[in-house]
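One structure is given below, encoded as structure tokens.
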Amino acid sequence: DLEALEQAFQQRIDGGEKIEPQDWMPEAYRRTLQRQMAQHAHSEYVGMLPEGAWITRAPSLSRKCILLAKVQDEAGHAQYLYSALESLGLSREQAYGQLLAGEAKYLNIFNYPALSWADVGMIGWLTDGAAIVNQVPLSRCSYGPYARAMVRICQEESFHHRQGFDLVRRLAEGTPAQRRMAQDALNRWWWPTVMVFGPPDEDSVHSQRSMRWGVKLYSNDTLRQKFVDQTVPQVLHLGLTVPDPDLRFNPDTGHYEIGRIDWDEFNRVIRGQGLCNRERIASRRRSWDEGAWVREAAACHAVKLAAGPQG
Ligand code: ACO
């Protein structure tokens, strides 16, 4: 019966076994994964936009090559995740349709504009730094296809993180105007990045169940703290300032304590009222429409191939 199946399922998870697509799973486990993985895939896909806008304006050929490679990587991450989602019975068309219809969530951070070249550095250093903290544990999550997709994604994110740090370091070591540009970008990206880890544990509706199922390995606040502890020393090393007057190091706990997070802003942004929400979805819709001829040509080619050499 269902209860026995659910117990056996939980035992497999507690024993560290991976759940594979052909295995029995509770409907709610499937739906939780579909929700989280779809949001994750959309985040990668929308995440190409703020940086993509800087490809034509990169200040040197090598920075342009790095940025091109990075933005392409993000598209690849979305592809792995949409493929992993198919293994749960959610087709690409369905998942992507939800994004284009404006019904799906994706990370808050991608609804902020990239106003200067320093913002490109902040996205790599801070946002991808946060993504690594969140995603390394996901490579040990209970669903096999999701966990395996994370391995390569995390390796690529490490490169993104380093190039972002390197870009910001060059600005921080540059002219006073360059340092000001870096500090201004840090001021704008710090808090939205701290919010990336999701609402505080007491308000995180999904955490408890997702942690029991091994879909999440650590709580939102635990990962946020890890990010803060590893990033504040980097900010200080660069001679920049964290835009948080309440930030302090607690020698008793060995952790940095941060000021109040503006959760009203977070909720506004994830409900669709951020600075760029409309523009992001409009841009994805435009790409979908403009790419119709590629999809048609690929479908035609597939029919010809299937018909054989005479077809
Ligand atoms: N941006 C937008 N929405 C968010 C965010 C965020 N940063 N954090 C939480 N939310 C949403 C959740 O999706 C959920 O909404 P829903 O019920 O409509 O689905 C709601 O806020 C409540 O949050 P939680 O209960 O804490 O949700 P959950 O347990 O799913 O945890 C988290 C949120 C940590 C983001 C989790 O889903 C996760 O780890 N996702 C995968 C990581 C990811 O998406 N990475 C993208 C990287 S993109 C890049 O690197 C370019």
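Ligands are counted one by one from 1 in listed order, and the atoms in each one are counted from 1 as well.
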Exercise for review: State, without any angle test, whether Gln94 and Ser91 hold a side-chain donor-acceptor pair at a distance under 3.5 Å.
Suggested key: yes
Practice item. Could you check atom 47 (C) of ligand 1 against the protein and tell me its nearest heavy-atom contact, residue, atom and distance included? Key: Gln135 OE1, 3.5 Å
Study note, to complete from the structure: For Phe197, the atoms of ligand 1 under 4.0 Å from one of its heavy atoms are 34 (C)
Check your understanding: Going by distance only, is there an N or O of Ala131 that falls short of 3.5 Å from an N or O of ligand 1?
Key -> no
**Study point:** Option from Leu107, Ile109, Val196, Asn108 for which side chain to side chain contact (heavy atoms under 4.5 Å, CB included) with Ser43 holds
**Key:** Leu107
Review point. With atoms numbered from 1 as shown, which atoms in ligand 1 lie under 4.0 angstrom from a non-hydrogen atom of Arg35?
Key: 13 (O), 19 (O), 30 (O)
Point to revise | Any side-chain donor near an acceptor of the partner, Asp119 and Trp189, under 3.5 Å | key: yes
Check your understanding: Closest non-hydrogen protein atom to atom 21 (O) of ligand 1, residue and atom name please, with distance?
Key -> Ile270 CD1, 3.9 Å
Point to revise | Nearest non-hydrogen protein atom, atom 32 (C) of ligand 1 | key: Lys216 NZ, 4.6 Å
Check your understanding: Would you say Thr231's side chain and Phe227's backbone share a donor-acceptor pair under 3.5 angstrom?
Key -> yes
Study note, to complete from the structure: All heavy atoms of Gly144 vs all of Lys18, minimum pair found to be CA-CD, 3.8 Å
Study note, to complete from the structure: Numbered in order shown, the ligand 1 atoms found under 4.0 Å of a heavy atom of Gly198 are 8 (N), 9 (C)
**Study point:** Test log, rule side chain to side chain donor-acceptor pair (under 3.5 Å), inputs Gln79 and Arg92
**Key:** CA-CA 9 Å; Gln79 299 294 355; Arg92 255 161 221 260; 2.5 Å; yes
Practice item. Show which atoms of ligand 1 fall inside a sub-4.0 Å distance from at least one heavy-atom site of Val205. Key: 22 (C), 25 (O)
Exercise for review: Would you mind running through ligand 1 and noting each atom that sits below 4.0 Å from a heavy atom of Ser204?
Suggested key: 24 (P), 25 (O), 26 (O)
Revision key, fill the gap. Nearest non-hydrogen contact to atom 35 (C) of ligand 1 from the set Val196, Ile109, Asn111 belongs to Val196
Review point. So is Met37 close enough to ligand 1, meaning a heavy atom under 4.0 angstrom away?
Key: no
Review point. Counting each atom of ligand 1 from 1 as listed, which ones have a heavy atom of Asn220 under 4.0 Å away?
Key: 26 (O), 34 (C)
Point to revise | Proximity flag Gly47 to ligand 1, non-hydrogen atoms under 4.0 Å | key: no
Practice item. Could you tell me whether the side chains of Ser207 and Lys216 share a donor-acceptor contact shorter than 3.5 Å? Key: yes
Check your understanding: What residue and heavy atom of the protein are closest to atom 15 (O) of ligand 1, and at what distance?
Key -> Lys105 NZ, 3.3 Å
Practice item. Would you check the N or O atoms of Ser210, main chain and side chain alike, for any that come under 3.5 Å of an N or O of ligand 1? Key: no
Check your understanding: Using a heavy-atom cut-off of under 4.0 Å, does the side chain or the backbone of Tyr45 touch ligand 1, or both, or neither?
Key -> neither
Review point. What about Tyr143 and Trp213, are their ring centers closer than 6.0 Å?
Key: no
Review point. Do the side-chain N and O atoms of Gln36 and His206 include a donor-acceptor pair separated by under 3.5 angstrom?
Key: no
Review point. Under 3.5 Å, N or O to N or O, is Glu74 touching ligand 1 that way?
Key: no
Review point. Does a donor on one side chain sit under 3.5 Å from an acceptor on the other, for Asp229 and His255?
Key: yes
Check your understanding: What protein heavy atom sits nearest atom 25 (O) of ligand 1, and how far away is it?
Key -> His206 N, 2.9 Å
Study note, to complete from the structure: heavy-atom search around atom 39 (O) of ligand 1 in the protein gives Asn134 ND2, 3.0 Å
Practice item. Determine, using heavy atoms of Glu157 and all atoms of ligand 1, whether some pair is separated by less than 4.0 Å. Key: yes
Exercise for review: Specify whether Trp263 and Phe266 have parallel, tilted or perpendicular ring planes, treating 30° as the upper limit for parallel and 60° as the lower limit for perpendicular.
Suggested key: perpendicular
Review point. Measuring from the heavy atoms of Tyr146, does anything fall under 4.0 Å of ligand 1?
Key: yes
Review point. Between Phe9 and Tyr29, does the ring centre distance come in under 6.0 Å?
Key: yes
Point to revise | Heteroatom distance test (Pro199, ligand 1): nitrogen or oxygen, under 3.5 angstrom | key: no
**Study point:** Nearest neighbour in protein (non-hydrogen) for atom 41 (C) of ligand 1
**Key:** His40 ND1, 3.4 Å
Check your understanding: Can you tell me which residue and heavy atom of the protein come closest to atom 4 (C) of ligand 1, and the distance to 0.1 Å?
Key -> Phe266 CZ, 3.8 Å
Review point. Does atom 43 (C) of ligand 1 have a protein non-hydrogen atom under 4.0 Å from it?
Key: yes
Review point. Nearest to atom 37 (O) of ligand 1 by heavy atom, Gln36, His160, Glu156: which?
Key: Gln36
Review point. Distance under 6.0 Å and angle within 45° of the ring axis: does Arg284 meet both against Tyr45?
Key: yes
Exercise for review: Check whether the side chains of Trp191 and Glu265 place a donor and an acceptor atom closer than 3.5 Å, and report yes or no.
Suggested key: no
Review point. Any chance the rings of Tyr82 and His42 have centres within less than 6.0 Å?
Key: yes
